[in-house]
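See structure below.
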Amino acid sequence: MWARLRDRVAASDPGLLRLAAGLRTVASIALTLVVLALFGADVPHLVAGAMAAMVSTFAVREKQRGPQAVTLALGLPVALASVALAALLHSHVVAGDLFFIALIFSAVYGRRFGDRGTALGLIGFQLYFVSLFVGATVSDLPELCAAVVTAVVCSAVVRFALVPETPAGTLGRLREAFRARFAQLVSAQLDLLDAGPEEADRTLGNVREGTARLHETALMIQGRLEEGTADEGTARLVQRRVADAEIAAERLGLLLLTARSAERTDTLTLHLPGAPVPTAGRLPVRDEAVEALRRDLQALRLLVQHPGGTALAHVRNRLLSYRDEESLPGASPAVQDVFRGIGEAARAVLGLRIALDGPQDESDDTPSTARSREELDAEDAAIDAVEDTPEEEPTGLRRPTTRAAVQVAVGSSLAIVGGELLSSHRWYWAVLTCWIVFLNTSSTGEILVKGYRRLLGTVLGAVAGIVLAGLVGQHTWTAFALVLVFVFCMFYTAPLSYTLMSFFVTAALGLLYTLLHTYSLSVLVLRIGETALGAACGVVAAALVLPVATDRRTNELLATVLERLGEVTGTAVEQLSGGPPVDLLDQARDLDQALADLRAATQPLTHPVTPLRARRDTARYVVALLETAAYHARSLAATAELLPTHPSIAADPRLRGAGRRIAHNIEALAAHVTDERATDRVETGPSIASLLEPQAPGTTRYGRVTDRVLRHLHRLDESVVGLARPLGVPVGT
């Protein structure tokens with residue numbers, strides 16, 4: 001039971017990143033409150049210390065402990081300077097507003113200097129806001145500065161001693177999350193095997209969700225390999241094994257779908273939300289092969305969940321034997337393909353375990369298992385470290401940080417003017433909202449959606465705050481305890497729901513207002529009004545000042561995805577055709593990251609409340625087709641990297657012809673995305689398989705290229721051609 005609970009937690013919060021962030025922030029605030037209370041601080045300074053501890057904890061984003069310490073050390077003078085200037089300018093309205101706008105511009109512009117610039121900008125802005133929140137004056141400066149110093153020191157104690165975080169530890173927890181999500185995906189695939197027609201769509205939805213969650217964890221692991229492993233060679237080995245396991249799991253789901261249908265399933269079914277199970281029948285429950293299939297899927301799940309043992313070694317040996325044709329049970333070709341998929345998944349699990357945990361006990365190996373180990377060892381030896389080529393960055397106003405800084409400064413100016421008209425004492429709420437809706441957004445549509453979600457969360461949180469204020473307003477430490485609960489919930493839910501995060505933030509601030517004896521129904525209404533004003537100012541600034549339309553942003557990202565797709569496909573096909581070995585790991589990772597960025601940017605287009613239904617469906621369809629194409633490109637890349645070491649895979653020069661057509665079609669799509677006047681056409685013709693028919697009677701088509709390579713090329717070609725219609729690209733024969 002404990003193991004199942006641990007796996008559920010690991011799968012729901014990969015790397016326990018949200019849990020650690022919540023605990024670290026709450027512990028920093030609690031320690032700060034205890035220390036300040038021991039020194040007899042009054043409530044306003046307790047509130048200021050709590051908020052300063054929260055800011056100094058969540059602002060620091062570096063992964064290594066050394067850079068974290070440097071950022072915290074630099075953040076302290078920034079925080080003190082910000083607090084002091086806010087207090088000094090308290091009675092100088094115009095000068096204070098001008099300085100606040102300059103500070104906002106500098107804080108956003110500082111993002112171009114990486115995590116440290118972002119952290120220092122956050123600390124400077126948020127501490128200025130804290131001073132405004134508690135109404136700091138020059139006479140309050142000694143106590144306020146002492147509270148800030150205490151908060152930063154307590155944040156450092158918690159970060160480096162009480163709730164420490166190391167790159168290796170985070171990577172280890174992410175590995176556990178990957179294993180747990182892999183097991184959950186196999187469970188969902190097992191449910192799909194047994195599902196009747198009434199349950200098929202629901203279980204397919206679970207398989208889609210499990211596949212997406214596994215891919216998300218794989219990307220998180222790849223983003224932390226450099227800091228969490230001993231050297232670059234180890235990082236590349238782990239990256240390769242994670243990619244192999246992800247591809248094997250996704251392929252197994254597709255093979256199961258095919259086994260359920262009368263004909264080979266389109267891979268798009270696995271990536272398009274809401275797509276039904278094709279010809280949704282049901283595998284015969286009493287068939288011996290299907291019973292064996294069910295047993296072996298359960299065995300695969302057990303193999304993923306547990307590290308080893310004699311019994312599991314026998315299970316592993318049986319599953320790996322399915323990689324040999326003579327070991328496959330008698331069944332239809334589609335069901336036999338599923339057994340092959342189970343064998344490949346078991347090999348991926350073995351490779352991942354060796355890469356992560358080192359050499360394994362080989363005493364119980366069968367010949368098929370020993371052969372799999374030899375293949376893995378040969379592949380590991382062939383992995384070389386390759387230096388990345390830095391990309392040219394835009395300059396001037398084309399640089400995203402510069403453009404965002406100008407937009408936020410203009411939006412904040414509007415928010416200050418409008419906020420002053422609503423309230424001369426609490427105008428800063430409008431500025432805070434304007435600032436927040438610009439964080440991690442790149443287009444007008446994203447800002448609009450984020451502003452709407454913040455307003456909804458603020459309204460709900462303000463109502464909750466006024467209710468709680470009436471219940472615990474007279475009990476200071478009970479109110480602080482609730483604030484800690486809300487802060488933890490805020491950080492735990494932040495990556496999941498911006499609305500929920502805004503709810504908990506507003507409820508916590510309502511309690512803090514209560515502690516300052518300034519919360520009332522009029523303050524509640526004002527809080528909502530200032531939030532709506534700040535969101536509106538942000539949208540207006542984004543739409544009128546150096547605007548980046550959602551269509552323009554998505555087209556830029558779509559062009560990047562197509563470029564990355566073309567690179568991975570072209571390199572993989574060239575290597576499979578006999579070209580020189582080229583590193584494909586980083587290219588595949590860049591494709592995955594570009595696709596993740598596009599998926600995030602299309603959220604305004606696919607939001608449930610969008611009135612443009614046809615546009616929403618088109619955006620979902622395009623992203624699903626790209627995910628399908630990316631899956632086949634990753635699979636081709638993985639197969640190409642096996643070429644130098646795998647005895648059953650050899651190069652075939654005839655693949656170049658198929659690769660040229662796919663490359664041309666990808667270039668045609670990219671040309672139309674970047675220039676509507678482009679005249680390129682997408683070419684169609686004979687299937688990829690027919691291009692590789694035997695050259696002489698009696699020869700086999702698959703003598704030098706495996707059937708899997710042909711299948712991936714064929715599906716990739718279909719996906720690329722399928723993109724022509726929704727993107728408005730002409731098709732020729």
Side-chain angles (χ1 to χ4, degrees), residues 108-109 111-112 219 223 388-408 437-450 538-539 541-570 586-607 610 612 615-616 618-630 633 663 665-680 682 719-720 723-729:
V108 177
Y109 185 79
R111 296 182 203 170
R112 65 168 294 197
L219 282 177
D388 293 332
T389 302
E391 295 185 1
E392 183 180 353
E393 294 185 357
T395 58
L397 291 178
R398 294 190 301 115
R399 182 184 287 121
T401 50
T402 305
R403 183 178 60 245
V406 173
Q407 290 176 322
V408 175
V437 297
F438 272 96
L439 291 178
N440 301 319
T441 54
S442 303
S443 69
T444 307
E446 290 180 69
I447 292 169
L448 181 61
V449 170
K450 195 170 184 180
V539 172
L544 300 181
V545 181
L546 305 175
V548 178
T550 303
D551 286 347
R552 174 185 159 193
R553 172 66 177 167
T554 53
N555 282 344
E556 290 175 352
L557 293 174
L558 177 56
T560 301
V561 172
L562 291 171
E563 179 184 348
R564 300 286 185 267
L565 179 64
E567 289 175 355
V568 175
T569 304
D586 287 338
Q587 288 186 6
R589 177 185 171 185
D590 291 342
L591 170 61
D592 288 339
Q593 188 58 58
L595 189 52
D597 293 340
L598 175 64
R599 196 183 303 111
T602 56
Q603 285 185 358
L605 303 178
T606 59
H607 196 275
T610 180
L612 306 175
R615 191 182 184 193
R616 181 190 65 184
T618 300
R620 286 179 175 173
Y621 184 67
V622 167
V623 172
L625 274 174
L626 287 169
E627 288 178 340
T628 296
N665 288 342
I666 293 175
E667 290 174 0
L669 294 174
H672 276 269
V673 168
T674 54
D675 184 3
E676 295 180 354
R677 296 168 296 178
T679 58
D680 303 61
V682 167
S719 300
V720 172
L723 283 165
R725 181 182 59 79
L727 295 180
V729 182

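Position 1 is the first residue of the sequence, and the numbers go up from there. This one's a predicted model, so the numbers in the text were calculated from it and none came from an experiment.
Nearest heavy atom pair, residue Ile666 against residue Gly566, reads CD1-CA, 3.9 Å. In terms of heavy-atom proximity, Ala633 sits nearest to Leu591 at CB-CD2, 4.2 Å. Minimum interatomic distance between Pro726 and Val622 (heavy atoms only, all atoms of both residues): CB-CG2, 3.7 Å. Annotation for Leu595 and Ala630: closest pair CD2-CB, 3.9 Å, computed over non-hydrogen atoms.
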Problem - Stepwise side chain to side chain contact (heavy atoms under 4.5 Å, CB included) check, Val568 with Asp590 - result: CA-CA 9 Å; Val568 175; Asp590 291 342; over 6 Å; no
Practice task
Begin from the C-alpha positions of Leu558 and Leu727 and carry the test side chain to side chain contact (heavy atoms under 4.5 Å, CB included) through to its verdict.
Solution key: CA-CA 11 Å; Leu558 177 56; Leu727 295 180; 3.8 Å; yes
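Atom-to-atom distance recorded for Arg564:CZ and Thr569:OG1 is 13.0 Å, nearest 0.5 angstrom.
Without hydrogens or angle criteria, His672 side chain to Gly728 main chain gives no donor-acceptor distance under 3.5 Å.
Put simply, the side chain of Val623 reaches to within 4.5 Å of the side chain of Thr602, judged on heavy atoms. Within the 4.5 Å cutoff, no side-chain heavy atoms of Thr674 are placed close to those of Asn555. Val720 is not listed as a side-chain neighbour of Leu625, based on a closest heavy-atom distance of 4.5 Å or more. Annotation: side chain of Gln593 is not in contact with side chain of Arg589 (no heavy-atom distance under 4.5 Å). Put simply, the side chain of Thr402 does not reach to within 4.5 Å of the side chain of Val108, judged on heavy atoms.
For Tyr109, the side chain to side chain donor-acceptor pair (under 3.5 Å) partners two or more places apart in sequence, or in a different chain, are Arg112. Under the rule for a salt bridge (charged side-chain N to carboxylate O under 4.0 Å, His left out), the partners of Glu556 that lie at least two apart in sequence or sit in another chain are Arg552. Checked against salt bridge (charged side-chain N to carboxylate O under 4.0 Å, His left out), Arg599 has the following partners two or more places apart in sequence or in another chain: Glu627.
Each of Val673, Val682, Leu723, Asp680 was scored for a side-chain contact (heavy atoms from CB on, under 4.5 Å) with Val729, with one residue passing: Val682.
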